[in-house]
2 protein chains.
Amino acid sequence: MMDHLEIFKALSNKTRLEILNWLKEPEASFPEQDFFDHGVCVGQIQQKAGLTQSTISEYLSILQRAGLVTSTRVGQWTYYQRNEEAFKALSQVIQSEI
Amino acid sequence: MMDHLEIFKALSNKTRLEILNWLKEPEASFPEQDFFDHGVCVGQIQQKAGLTQSTISEYLSILQRAGLVTSTRVGQWTYYQRNEEAFKALSQVIQSEI
DNA sequence: TCAACATATCGACTTTTCCCGATATGTCTA
DNA sequence: TAGACATATCGGGAAAAGTCGATATGTTGA
C-alpha cells in the first residue's frame, strides 16, 4: 500500500527531483561510472548534486522509504536505481485516488 | 508550464489531500451545501476540516497557486473546485518527466 | 588484522512549513 | 450607509525539513 503523503514529501525537494531525473538515464548522467547493473552509487550522485555525503545519503533513504528507488549493496558500494513500478502506480493513483 | 515542485509541496499535507478528495464528490462530501455549480465554499471546507478559517483559506490558496483547484467568487462566497486538467497533466508528467 | 574507503547515522543549527488568533477587505441587506 | 457575514491577509510561536560536520559502521585489499 502506497503512502501518498510520504511519496509527495519525498518529491518536494529540488535535489531529490534532480536525482530521480538523473537516474532515468544513468549512463548519460554519470559518465564517470562504469557499470550500471544495479544503478548508481552514492558517491557519484553526491558529486553531481554538490551537497555533502551525509545529506545525499539521507535523501536517498527518503526516496527509498517512499518506494521510489531501490538499493543494492555490492561490496563497499551501495547502488540506487529508480523503481519504475512505483512511478507507474503513482501516476495511476493521481488519476483515480487523489 | 507546471511547476512540479510547487505541486508536490501542495500535495505534501494531509489536510490538503483530504480537501482534494472531498472536492471529488462535493454533493456526497458536503450535504449541507445546496448548489455546487462552482464548487464548494470555504466555510463548508473549513467546518469539515476542523482547522481554523485562516488556515483553510491559506491551504486553498496554496492549492490554487499549484493549479490544482480554481476559485469563483459569487457574492460573499468563494467557491473552490478541482482542476481535473491539472491532475491529468500531473499524471502524465509523472510518467514522462519525473 | 589494519588502513583506506564508501556509506550511514548522529547532533546541531538554519530555514521552511504548520497552524493559530487578530485584523483587514469585500459583499450583502436592512 | 452601517452592521453582519465570508474570506483573505498578517504576524508569530511550534514543529518539521534541510543541511552540515563529526563520527560510526561495514567492506576490501595489502
Side-chain angles (χ1 to χ4, degrees), chain A residues 3-20 23 26 30 32-66 68-81, chain B residues 3-20 23 26 30 32-66 68-81:
Chain A
D3 181 343
H4 307 152
L5 190 55
E6 189 173 13
I7 292 174
F8 291 131
K9 283 184 180 177
L11 294 172
S12 293
N13 176 281
K14 187 162 175 302
T15 302
R16 290 196 295 266
L17 287 181
E18 283 173 350
I19 292 171
L20 289 171
L23 292 181
F30 301 92
E32 317 280 307
Q33 190 171 308
D34 283 336
F35 303 106
F36 296 96
D37 304 7
H38 305 285
V40 181
C41 71
V42 179
Q44 294 291 323
I45 297 170
Q46 186 256 315
Q47 213 174 315
K48 185 153 177 134
L51 297 178
T52 62
Q53 189 273 321
S54 61
T55 297
I56 296 306
S57 177
E58 167 74 1
Y59 281 7
L60 288 168
S61 75
I62 288 170
L63 291 172
Q64 183 170 34
R65 277 198 297 277
L68 298 170
V69 301
T70 59
S71 73
T72 312
R73 180 105 200 199
V74 178
Q76 53 192 160
W77 294 275
T78 307
Y79 294 89
Y80 284 89
Q81 60 190 331
Chain B
D3 181 344
H4 308 152
L5 191 54
E6 188 172 16
I7 292 175
F8 291 131
K9 284 185 180 178
L11 294 172
S12 293
N13 175 281
K14 188 163 175 299
T15 302
R16 290 196 293 268
L17 286 180
E18 283 173 349
I19 292 172
L20 289 171
L23 292 181
F30 300 93
E32 316 281 307
Q33 190 172 309
D34 284 338
F35 304 105
F36 296 96
D37 304 6
H38 306 284
V40 181
C41 71
V42 179
Q44 294 291 321
I45 297 169
Q46 186 255 314
Q47 212 173 315
K48 185 153 178 132
L51 297 178
T52 62
Q53 188 272 320
S54 61
T55 297
I56 296 305
S57 177
E58 167 75 1
Y59 281 7
L60 289 167
S61 74
I62 288 171
L63 291 173
Q64 184 171 33
R65 274 198 298 278
L68 298 170
V69 301
T70 59
S71 72
T72 311
R73 180 106 200 198
V74 178
Q76 53 193 160
W77 293 275
T78 306
Y79 294 89
Y80 284 88
Q81 61 190 331

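Quick caveat, the model's predicted, so the values are computed rather than measured. Side chains included, hydrogens not; waters and symmetry mates left out as well; all remaining heavy atoms used. Chain A is the first sequence line, chain B the second, and so forth, proteins listed ahead of strands; every chain is numbered from 1.
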Under 3.5 Å, is there a donor on one side chain and an acceptor on the other for A/S12 and B/S12?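 Yes.
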Quiz question: by atom type and distance under 3.5 Å, do the side chains of B/S57 and B/S54 form a donor-acceptor pair? no
Using a 4.0 Å heavy-atom cut-off across all strands, classify A/S57 as base, sugar-phosphate, or nothing.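 The answer is base, as A/S57 lies within the cut-off (heavy atoms under 4.0 Å) of a base atom.
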Give one of base, sugar-phosphate or nothing for A/Y80, where a contact means two heavy atoms less than 4.0 Å apart. sugar-phosphate
Quick one: does [X]'s side chain have a donor or acceptor within less than 3.5 Å of a partner on [Y]'s backbone?
| X | Y | value |
| --- | --- | --- |
| B/Q46 | B/T55 | no |
| A/R16 | A/A10 | yes |
| A/Q44 | A/E32 | no |

Going by side-chain contact (heavy atoms from CB on, under 4.5 Å), name the residues that satisfy it together with B/Q47, two or more places apart in sequence or in a different chain. none
Quick one: which residue pairs count as a salt bridge (charged side-chain N to carboxylate O under 4.0 Å, His left out) with a foot in residues 40-66 of chain A, not counting sequence neighbours?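 For residues 40-66 of chain A, and leaving out neighbouring residues, there are no salt bridge (charged side-chain N to carboxylate O under 4.0 Å, His left out) pairs at all.
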Round to the nearest Å and state the distance from [X] atom [atom1] to [N] atom [atom2].
| X | N | atom1 | atom2 | result |
| --- | --- | --- | --- | --- |
| B/I56 | C/dC18 | CD1 | C1' | 11 Å |
| A/E6 | D/dA16 | CD | P | 15 Å |
| A/E58 | C/dT14 | CD | C1' | 16 Å |
| B/R65 | D/dA8 | CZ | C1' | 12 Å |
| A/L60 | D/dG18 | CG | C1' | 15 Å |
| B/L51 | C/dG21 | CG | C1' | 14 Å |
| A/Y79 | C/dT7 | OH | P | 8 Å |

With a 4.0 Å limit, can you tell me whether [X] has a side-chain N or O closer than that to the phosphate oxygens OP1/OP2 of [N]?
| X | N | result |
| --- | --- | --- |
| B/T55 | C/dC19 | no |
| B/Y59 | C/dC19 | yes |
| A/T52 | D/dC20 | yes |

Using a strict heavy-atom distance below 4.0 Å, which residues from residues 9-20 of chain B are in contact with DNA chain C?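 Here the set is B/K9, B/S12, B/N13, B/R16.
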Distances under 3.5 Å only, N/O to N/O: pair up the protein atoms with those of nucleotides 22-30 of chain D.
none

Let's see if you get this right: which residues in residues 36-47 of chain A place a heavy atom under 4.0 Å from DNA chain D? none
Which residues share a salt bridge (Lys or Arg N to Asp or Glu O under 4.0 Å) with B/E18, sequence neighbours left out: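 B/K14.
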